[in-house]
Every structure is written in C-alpha cells, then in structure tokens.
Amino acid sequence: MPAHLPSPGMSRRDLLKRTGGLAALAAFAAACGGNTGRPSDSGGGNKVNLSQWYHQYGETGTKEAALKYAKAYTDANVSVQWTPGDYGSKLSSGLLSNKGPDVFESQLNIGMVKSNQVVALDDIIADVKDDFQPGDLATNTVDGKVYGIRMIVDPQVIYYRKSLLDKAGIKPPETMDDLIAAAKELTTNKVKGIFVGNDGGLALGGPAVWSSGGSYLTDDHKPGFTGERAAQAFSKLHELYASKSVLLGSPTDWTDPGAINQNLCAMQWIGMWAVPGMQKVLGDDLGVIPFPKLDAQGKPAVYSGGWTQFVSAKSPNVDAAKKFVKWLWIDKQDFQEDWSLNYGFHIPPRKSLAAKAAKLQNGVAADTVKLNADYGHTDNPAWTPKMGTAFGDMLTNIIRKGADPAGEISKAEKTVNAELSRLFG
Amino acid sequence: MSTRTAPAPVPRESARRGARRTKGIAGNTLWFWLFVGPFVVGLLIFSYLPIIWSLILSFFEAYNTVTPSKFVGFGNYVDMLTDHNFLSSLGTFTLFAIFIVPLTFVLSLALALLVNQVKIARAFFRSVFFLPTACSYVVASLIWRLSIFNGVRFGLMNTILGWFGIDGIAWLSTVDPPWYWIPIVTVRLWLQLGFYMILFIAGLQRISPSLYEAAYVDGAKPGWQTFRYITLPQLRATSVAVLILNLIAAYQAFDEFYNLIGNVNFARPPLVYLYGISLGSIQDLGHGSAGALILAVIIMLVTLLQNKIFGFGKAGD
C-alpha cells in the first residue's frame, strides 16, 4: 500500500475508538505515576531537578523556611516534599525505588550503608569536619566514612513547672527514685506528675540504660543493655509507670508541648525544640533536668537526637545533590542559624554557629545546651531498626505489662545478636 | 444443460449474518477490552505481579531492597513460623475476631430487623446507619483517639465517667485491664455495621411474606418463633456471606490498630506486624513476604473451612 494513502481499514469511528483507548491507557498510566516530589521538566531550563524530603516539623514556619532555602538555590530546581505522619516508612519505601528523594533527612543506620542507599559525603565535609562535634560525626560514620551532614541537634530532657515543684516543696529529681517520688508528689486529681509519652515511656529506654552505665551496643558490637543494672533501670521505668502518676492518653504525644502547656502534667519528657512553644505559654515557669541517674553509681543522661541530611545513592544526580547539601548545610550559615533558632530551638551542629547562637545563651535553653554537652549520647549507627523494634518490644513488656526484665532482656538480646552476626559476621 | 453455479441464496445470507456476527463480537470485544483493559492491566501490575514477586522474595534475603540478595530456601518461612511476635499477632487477630465477628453479626442483623420493620422514613434510617461506612478508618480512629477515648479528664468517655464520680481511664494506654479493646472494637462496629445491615436487609426483603402468613395460619406467633423458624433459616446464605466477609476483614485489620495504639506488641494484628517488618523502618522484605504468604494461605484455608462447615453455595441456598 502506498504510504501516502490513508488506511482503508481506519474509519472515523475506529480512529475514535483507538485514540479513546490510548487516552484511557495514558490517563491510567499517568495516575499510576504518582507524585515523586520532583519538579516537572518544564520551566527549569537546563538545571537538574532535585527532590528534597523532610518529615513534618511541628514548629510554625518550618515548611516555609525549607521552601525558602530550596528556592534560594540557583544551581538546581529543588522541590520540597513535606511529609506528615509516618515519615520513616514513607522514606524507607521511597529509598527502595528510583522515585524516592535525591536529598533527605533521617538518622543513619548501618543497613542503609550496606544496602547502598546513601553515598559518602567525606568530600563535602572535609574542610569543616573539625567544626562538628565528635558525637555528631560518629553517629553518621560507618567504616571511617561520613554519610550524612548533621542539620540540627535535639537534646531530649525533662522540662518541669518550677512553680508546681516549689508548691509541693520538692527539689528537681536527681535519681530515678527521686523522679518516681516527685511524680507521685506532684500528682493531683487534675494534674499528673509526669508525661513520658502515651506508650508509657518507650522513649526513656535509652536514657535509662545510659543512666545505669550501659549502652545500646558496646564498642566491639555486643549488646550493651544486658547487665543487671540495666534491668534495674528498666524496673524503675515500670515502677514509674505503675505509680499512677504518669499521664497517659494525652491528645498530643510527648514530642508536642501540649500536655505541659495545658497543665495536664507537671513534668514532661520532650526535646529542646519545644522550648519556644513552652515559654510562650508558661513564661519563666520552666526548669530542666537530664534523665536522672539510676543511683549514686549512675550518671544522668541526655539523648542527643537530631536530624541529618543524606544523599540517596539512587539519585540520578548524585553530584548535584551533594553540591546542594554542601551549599545548604555547610556553606549557608545564615540558613543553618535560621533553621536552628527561629522556629523551635535546636543546637546548631557546627561548633562555630552554636557558640554565637544568642537565643541559646540564657535561661532554660542555655541549661539544656549545657546538659547536652555534659551528658549527651548520640545514636550508634550500628543499632538497626530491627534491634530497635526488639528493644521497644522488650520495654513494652517490662514497662506496661510488668514482665520480668531479665527474661525480656534475654529475648531482645537474642534478636540483637542475630542482627549483629548478620551485619558483622 | 444448465451450467449456472451461482451460490444458493441461503448460504450467502447465512455467511452475511455470520460476518455481521463476527464483526459484532469483534466490536463488543474491543469495547470490553477498552473499558476493562486498564483495570486488568492495573490488576496485573499492582496485584498479581507483586504477589509473584513477593513469592520470589520470600525465598531470599532482601534487606532494604526489593531485589533478591541471597537464596535462603524456606528459611524465612521457618523463621516466621517460629517467630513469637508473628504467632502472637495471629493470637491478637483471633481475639479480635472473637469480639468483632459475633458482635457485628448480631448487631447488624438486629439493626436490619429494626430498620426493615420501620414504616416511616425507612430510607432515612437505612442511610443514617449506612453513612459511617463511607468514613475513612483513619479519620474515625483519630476521632476515637483524640476526642472520645483520650485519657484525659476532658475526653468524652472520661467526662461521662466523671458524672458518675468514676476516675478517668487511659483507654488506649492501659494494658491491665486491656481497655484498648473497647475503642478498637467500637470503632470497627461503628464503621461496618451499616454495610452488613444493608446485606441483611436485602436478605430479609427476599423472604416471601407468604411464608410468614402460612406460619401465622398454623399458629406461629410473631416474634421469636417466626424469627427462629423462618427468618433465620431463610437468611442462611446472607449469614454465611456476612460471617466470611467479616472474618476476612478481621484478618485484614490494620488502620484502627495502627492509628489507635500504634505498632505495639501486646495488640498487633498480623498486617501491622508485617507492615512493620517490610514497609516500616526495618525493611526486611524477605521475612515480610514469607509472613504475608503464610497469612494469605491461612485466610484461604479458614475461608474454605468456613465454607465447608456452613455449606455456603449448596443447593437450596
């Protein structure tokens, strides 16, 4: 058939049918494509497109700030995906596919390195490595390589209402027994002594271990939470839970200052990010203590949490992503300062920035910074989510169900050992 | 001698009709695939392909990846079948099913009987009870958690308890006694009763009034007697369907558990546990896939067993 002749078999109706079918398929395929968080190709000229993922910060203005930083970057089109809810799961799924982020915030664990989900960032941090705290470097280092740039440091401690403690005639607790006694003393029919989360205090597991002299893992990669003193510390957590002085079922969880601000509790375990929000409501009626030591041989503990910026190894533009991370979290000190101090309070990871952070120089913020310096513990990257789940299950059984700590420790130890042998042989 | 060989008219007409029929079938087939095709493609891509991939992954180690890494044979299956958390999640399901299946059955049947007897505004009552079905499990769970069953003094349930001088309860946090079952069960009841009520109403409307009339003539009294000997037997097929659907839905419980109490080991149904392993932060897709397939097999077996026991689909239904 000559090429210039129309197909005799293609009537107008056939054409409509086929184009209609194609359109339906195209619409279906487009619907399946989903939103990857990357900007579309149009309008960006020859610039690379980068997708940056954040979890949802609770402090007002943070999303706008993240968008502002992305917009200010001129070497690539950076889109921001702001994820409410279960960010960890969404990120994990995203990292499995090639539709995930190019740049994302998270916490490092060795599994991410072993499965090539993140790239080493030694080249971009090399010039300023000494300006980071050793703990913040250690938490992002596996086999001598640095995989993430710390964005913010979030100490988690116990904030308390000074007036309520004064009224009850008690001093800020220094040991776990003091804490239990104080919580009981401060409990009335309207106000509970302490709020440590609606799960009864799973966030206190790490601090309890540290306060007893233990750790999640030892330096030679063995379970560090298995001693008798750790068991004793876990028992104290159960004692606190069972004292009926712990607030449970709060509409907001421990990461939000709602409970202490609404006078539902006298003390609350929470991070320094909430200080501006608490000060706005409570003014100067706010004091801070670390997680108390187990006993005279123990030591107070502060969980030095925070967020770190990573570059996905699956990014089609790894170099451009690294360049953006360097620009935002190493070069642009004004943005880092803004991110750390103008919404919630966080300690800037750079020593030079932390030293001149005026908002952290006095009051309860300054006290928290000092506690973090004195007693802070960062995450161990060898501690994987599977170990964390076993540890959490152990705590749930001990704290909420009153199970025997030794037996529960033994069960968690088994899982942790299996995981360690998978990872380290 | 005539040599005309023109084809007989009948066969020619028949051929024409055949051609038309063929063309008609081709046209119908084309439209069928046009409309159904995208969904078939979707089903293949999003259901069957993942199931096959999951089956493959279940025989491999696959941490933080959906690519099989190391062949482990039935290792993942053995691990899951000896994993006390997985077994305990099956226990949680059993407990949940024990609460939810009979309660849903009885209450939805009762509602259907009541609504079916209403003479005025029957459509209104049907709609009122059916409306919660349209509500998202997540939204309902959040309302239950934040407003009705929160543990503080201004939660709705605690306010009511306060009127009677009873101390507030941390509904979702108290393990001993396990108060969390009340919000979990009630939210599902609220969400699904309307749906099963509609199924029962449909079943009730299929029962011939002459059966009741004949029973009255024979001296049966309206109420329990006619319900026991006419309504219930006539609803057999609907009842079995409701029980099977209910049990499968109970196996698939996820949203209310996850949103009300989170991923906690004392009340973690199988899907929440498998979600935590596979798609949560653990990202162990080998074990997760093995667990998912074990669960699928259990659901199939239980459904078949239920069919066998209740005789669903037997002649006369």
Side-chain angles (χ1 to χ4, degrees), chain A residues 14 17-18 20-21 24-25 27-29 31-32 85-86 88-93 95-97 106 109 111-112 114-117 189-190 192 197-200 202 241-242 246-252 259 262 264 384-386 388-390 392-394 396-397 399-402 411 415 422-423, chain B residues 27 30-31 33-35 37-39 41-42 45-46 61-67 69 79 83-85 88 138 145-147 149-155 158 167-176 179 258-259 261-266 268 275-285 287:
Chain A
D14 286 337
K17 282 178 189 170
R18 288 176 197 185
L25 274 175
F28 177 74
C32 297
D86 190 357
S89 297
K90 180 167 183 183
L91 176 64
S92 299
S93 305
L95 292 175
L96 291 176
S97 74
S106 186
N109 75 75
M112 295 162 76
K114 292 229 173 216
S115 52
N116 296 318
Q117 287 187 329
N189 60 352
K190 295 250 166 97
K192 287 285 187 181
N198 287 324
D199 57 20
L202 260 61
Y241 173 82
V246 173
L247 173 65
L248 295 167
S250 167
T252 53
Q262 291 177 64
L264 295 174
T384 64
K386 197 164 196 167
T389 302
D393 286 350
M394 172 196 79
T396 299
N397 290 342
I399 297 174
R400 297 170 83 172
K401 293 164 83 176
K411 276 196 264 180
T415 306
R422 178 177 73 84
L423 293 166
Chain B
L30 179 69
W31 282 111
W33 284 112
L34 205 63
F35 285 110
F39 300 101
V41 171
I45 294 176
F46 296 112
E61 195 177 277
Y63 287 96
N64 295 88
T65 176
V66 287
T67 310
S69 324
D79 289 349
D83 176 358
H84 68 271
N85 278 321
S88 139
V138 177
R145 180 159 65 87
L146 297 175
S147 303
F149 285 100
N150 75 40
V152 293
R153 59 181 180 273
F154 46 78
N158 283 346
D167 285 343
I169 293 170
W171 297 95
L172 295 163
S173 304
T174 308
V175 181
D176 185 22
W179 291 117
Y258 195 74
N259 289 291
I261 56 172
N263 188 351
V264 289
N265 60 343
F266 54 81
R268 184 161 52 192
Y275 171 80
I277 290 180
S278 311
L279 302 173
S281 52
I282 293 180
Q283 294 279 300
D284 179 357
L285 282 112
H287 283 103

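Chain identifiers are assigned alphabetically (A, B, ...) following the order of the sequence lines, protein sequences preceding nucleic acid strands; residue numbering begins at 1 within each chain.
- Counting heavy-atom pairs closer than 4.5 Å to chain A, the top-ranked of the candidates B:Tyr275, B:Trp33, B:Phe35 is B:Tyr275.
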TODO: Please assess A:Gln262 against B:Val152 for the test side chain to side chain contact (heavy atoms under 4.5 Å, CB included), listing each intermediate value before the final yes or no.
DONE: CA-CA 11 Å; A:Gln262 291 177 64; B:Val152 293; over 6 Å; no

Task: Candidate pair B:Leu279 and A:Ser89, rule side chain to side chain contact (heavy atoms under 4.5 Å, CB included), full reasoning - done: CA-CA 6 Å; B:Leu279 302 173; A:Ser89 297; 5.8 Å; no

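- You'll find the side chain of A:Thr389 stays beyond 4.5 Å of the side chain of B:Asn85, heavy atoms only.
- Residue contact with chain A, scored on non-hydrogen atoms closer than 4.5 Å, involves the backbone and the side chain of B:Asn64 alike.
- Residue contact with chain B, scored on non-hydrogen atoms closer than 4.5 Å, involves the backbone and the side chain of A:Lys190 alike.
- By the salt bridge (charged side-chain N to carboxylate O under 4.0 Å, His left out) test, B:Arg153 is found to be paired with no residue, residues two or more places apart in sequence or in another chain being considered.
- Heavy atoms closer than 4.5 Å to chain B are found in the side chain of A:Asp86, but not in its backbone.
- Considering all non-hydrogen atoms of both residues, A:Leu264 and B:Phe154 come closest at CD2-CE2, 3.9 Å.
- The candidate with the highest count of non-hydrogen atom pairs below 4.5 Å against chain A, out of B:Ala170, B:Ser69, B:Ser281, is B:Ser281.
- When every heavy atom of B:Phe266 is checked against every heavy atom of A:Thr396, the shortest pair comes out as CD2-CG2, 3.5 Å.
- Contact annotation for A:Thr384: neither backbone nor side-chain heavy atoms come within less than 4.5 Å of a heavy atom of chain B.
- With a 4.5 Å cut-off on side-chain heavy atoms, A:Lys114 and B:Tyr63 do not count as touching.
- Salt bridge present: B:Arg268 and A:Asp393 bring a charged side-chain N and a carboxylate O closer than 4.0 Å.
- Residue A:Arg400 comes nearest to B:Val264 through the heavy atom pair NH1-CG1, 4.0 Å, listed as atom of the first residue, atom of the second, then distance.
- The side-chain hydrogen bond (donor to acceptor under 3.5 Å, both in side chains) search around A:Asp199 returns none, not counting sequence neighbours.
- For A:Leu247, the part lying near chain B is the side chain, with the backbone staying farther off; criterion is any non-hydrogen pair under 4.5 Å.
- Between A:Leu95 and B:Gln283, the closest side-chain pair of non-hydrogen atoms is not below 4.5 Å.
- Within the 4.5 angstrom heavy-atom criterion, only side-chain atoms of B:Leu285, from C-beta onward, approach chain A.
- Counting heavy-atom pairs closer than 4.5 Å to chain B, the top residue among A:Gly85, A:Gly111, A:Ser97, A:Ala259 is A:Gly111.
- Between A:Asn198 and B:Ser173 the shortest heavy-atom distance is O-OG, 2.9 Å.
- Only the side chain of B:Asp284 comes within contact range of chain A, with heavy atoms under 4.5 Å apart.
- One distance of note links CZ of A:Arg422 with CD of B:Glu61; it measures 6.0 Å at 0.5 Å rounding.
- With respect to chain B, the highest number of heavy-atom pairs below 4.5 Å among A:Leu248, A:Asn397, A:Thr252 belongs to A:Leu248.
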